[in-house]
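Below you'll find the structure, written out as structure tokens, and then a few comments.
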Amino acid sequence: LAHEVFVGREQEMDALRDQLEETLLSHGRTVTLLGEPGIGKTRITSEFALYARLRGALVLTSHCHEGAGAPPFWPWVQLIRSYVTTQTTELWRAEMGSGAVDIAQVVSDVRDRLPNTPTPPQVEPEQARFRFFDSITRFLRAAAKRQPLVLILDDLQWADTPSLLLLQFLAQSLENSRLLLVSICREAEIQENSALSRTLAALARSAGSQTLHLHGLSKREVIRFIELTTGQAPSVDVATGVFRQTEGHPFFMTEIVRLLTT
């Protein structure tokens, strides 16, 4: 039950909702969620995703892969795959327009569904990358005209450099769009990754961007967490002990409460 409980985070949820409301008014936004492992970054975005869907947005989520083996642009491949497998081919083909040629070279799901797509002209690698970035951007902006899009990139600290560069490119192209980019990242790993540091700095400079730092829950929120998890209010000593031992860290709280209830 503990993993299902969601308490606190009112300020962060309010900030996310505000950014979504701006996005719905065609003011594209970026939000970066930072914090240590287990602090609740993924959980708060899951709760926000439910709200965004109620507000009529289409929410697409991707997870960056830790370690070697993932293809380039893996988080973006996941996002586009989710879209093309849930929408009609006629719809997304029209939204991609001529950019389908470039997107199909990276996303096999597009290539498989458009077997007659021609091969793009041979150009220098940097020019090919720009064509791909531009095609992705135009496609997502077109898709968001029909329905607002919330794109969630989880575990950004593991993203490959090309994916980070595409994120920067898209973040600079959100004006007059209904696109909301939400990036989730472990804060402690930023300084160890120069490409990630540059990307987060670029996101922070983009118009309408916001960075949210998640910390431990307050003592009041810890008490509420224990109440909802166990079905009864904790004693002062128990509440104080849990708060001191975990500093309001949701993962550690879950483990301790599980021990208390076994």
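Here the structure is a predicted model, which means the values were calculated and not measured. We count residues from 1, following the sequence as given.
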Determine yes or no for a side-chain-to-main-chain donor-acceptor pair under 3.5 angstrom, with Asp160 supplying the side chain and Phe73 the backbone.
yes
Worked check of side-chain contact (heavy atoms from CB on, under 4.5 Å) between Thr32 and Gln210
CA-CA 6 Å; Thr32 304; Gln210 187 169 14; over 6 Å; no
Glu12 side chain vs Leu214 backbone, donor-acceptor pair below 3.5 Å
no
Would you say Phe169 has more than 12 foreign heavy atoms packed within less than 6.0 Å of its CZ?
yes
Shortest non-hydrogen contact from Ile223 toward Ala239
CG1-CB, 3.6 Å
Evaluate Phe133 against Leu165 for side-chain contact (heavy atoms from CB on, under 4.5 Å), listing each step before the verdict.
CA-CA 9 Å; Phe133 285 9; Leu165 292 174; 3.9 Å; yes
So, taking the atom named CZ in Phe243 and the one named OG1 in Thr246, what distance separates them when rounded to the nearest 0.5 Å?
7.5 Å
Evaluate Phe225 against Thr254 for side-chain contact (heavy atoms from CB on, under 4.5 Å), listing each step before the verdict.
CA-CA 9 Å; Phe225 178 90; Thr254 298; 3.6 Å; yes
Gap between atom CG of Leu174 and atom OG1 of Thr23 - 0.5 Å precision
8.0 Å
So do Glu221 and Met253 actually touch side chain to side chain, heavy atoms under 4.5 Å?
no
State whether a side-chain donor-acceptor pair under 3.5 Å links His213 with Glu187.
yes
Does any part of the side chain of Leu34, heavy atoms only, come nearer than 4.5 Å to the side chain of Ile190, both counted from C-beta?
yes
Consider only side-chain heavy atoms of I, L, V, M, F, W and Y, link residues closer than 4.5 Å, and tell whether Val238 and Val222 are in one cluster.
yes
Using the rule side-chain contact (heavy atoms from CB on, under 4.5 Å), only one of Thr199, Leu196, Leu33 pairs with Cys185; which is it?
Leu196
Under a 4.5 Å side-chain heavy-atom rule over Ile, Leu, Val, Met, Phe, Trp and Tyr, are Leu60 and Ile44 clustered together?
no
Rounded to the nearest 0.5 Å, what's the gap from OG1 on Thr45 to CD1 on Ile184? Could you check?
3.5 Å
For Glu10, is the CD atom crowded, meaning more than 12 foreign heavy atoms sit under 6.0 Å from it?
yes
Minimum heavy-atom separation for Leu164 to Ala159, with atom names?
CD2-CB, 3.8 Å
Looking at every non-hydrogen atom in both residues, tell me the closest pair between Arg81 and Trp74 and how far apart they are.
NH1-CH2, 3.7 Å
Non-hydrogen side-chain atoms of Asp102 and Asp134 separated by less than 4.5 Å
no
Determine yes or no for a side-chain-to-main-chain donor-acceptor pair under 3.5 angstrom, with Arg186 supplying the side chain and Pro37 the backbone.
no
Exam field: side chain Arg93 to backbone Gly97, donor-acceptor pair closer than 3.5 Å:
yes
After noting the C-alpha distance and the side-chain angles of Arg9 and Glu47, does the key distance pass the salt bridge (charged side-chain N to carboxylate O under 4.0 Å, His left out) rule?
CA-CA 10 Å; Arg9 307 307 189 198; Glu47 294 293 326; over 6 Å; no
Can you get from Leu179 to Ile80 by hopping between Ile, Leu, Val, Met, Phe, Trp and Tyr side chains that sit under 4.5 Å apart?
yes
Looking at side-chain heavy atoms only, is the closest gap between Phe252 and Gln245 below 4.5 Å?
no
I'd like to know if the side chain of Ser209 reaches the main chain of Leu203, judged simply by a donor and an acceptor atom lying under 3.5 Å from each other, with no hydrogens or angles considered.
yes
Do Gln105 and Arg131 meet the criterion of a side-chain donor-acceptor pair at a distance under 3.5 Å?
no
Gap between atom OG1 of Thr61 and atom CD1 of Ile152 - 0.5 Å precision:
4.0 Å
Determine, for Arg224 against Glu227, whether the closest basic-nitrogen to carboxylate-oxygen distance falls under 4.0 angstrom.
yes
More than 12 heavy atoms of other residues, nucleotides or ligands under 6.0 Å from CD of Glu247: is that the case?
no
Does atom CD of Glu175 have more than 12 heavy-atom neighbours, drawn from other residues, nucleotides or ligands, at distances under 6.0 Å?
no
According to a hydrophobic-cluster definition based on side-chain heavy atoms being under 4.5 Å apart (Ile, Leu, Val, Met, Phe, Trp, Tyr only), do Val182 and Leu167 belong together?
no
Can you find a heavy atom in the side chain of Arg113 that is under 4.5 Å from one in the side chain of Thr85?
yes
Do Leu212 and Met13 sit in one hydrophobic cluster, given that two such residues count as connected whenever their side-chain heavy atoms are within less than 4.5 Å of each other, even indirectly?
yes
Ala202 and Gln168: which non-hydrogen atoms are nearest, and at how many Å?
CB-OE1, 3.6 Å
Under 3.5 Å donor-acceptor, Gln157 side chain and Cys64 backbone
no
Could you grab the distance from atom CD of Gln147 to atom CG of Leu58, nearest 0.5 Å is fine?
4.5 Å
Go through it in stages, so that I can follow the logic: the residues are Leu156 and Leu200, the test is side-chain contact (heavy atoms from CB on, under 4.5 Å), and I'd like the CA-CA distance, side-chain angles, deciding distance and then a yes or no.
CA-CA 10 Å; Leu156 195 67; Leu200 295 180; 4.1 Å; yes
Kindly give the heavy-atom pair with the smallest separation between Leu20 and Ala52, and that separation in Å.
CD2-CA, 3.7 Å
So OG1 of Thr137 and CG of Leu170: to nearest 0.5 Å the spacing works out to 5.0 Å
Closest contact, heavy atoms only, Leu180 versus Phe48:
CD2-CZ, 3.7 Å
Do Lys145 and Glu95 meet the salt-bridge criterion of a basic N to acidic O distance under 4.0 Å?
no
Hey, are the side chains of Arg29 and Leu181 touching, using non-hydrogen atoms and a 4.5 Å cut-off?
no
Here's a test for you: under ring-ring contact (aromatic ring centres under 6.0 Å, His included), which of Tyr83, Trp92, Phe132 qualifies with Phe139?
Tyr83
Could you check whether atom CZ of Arg244 has more than 12 heavy atoms from other residues, nucleotides or ligands sitting under 6.0 Å from it?
no
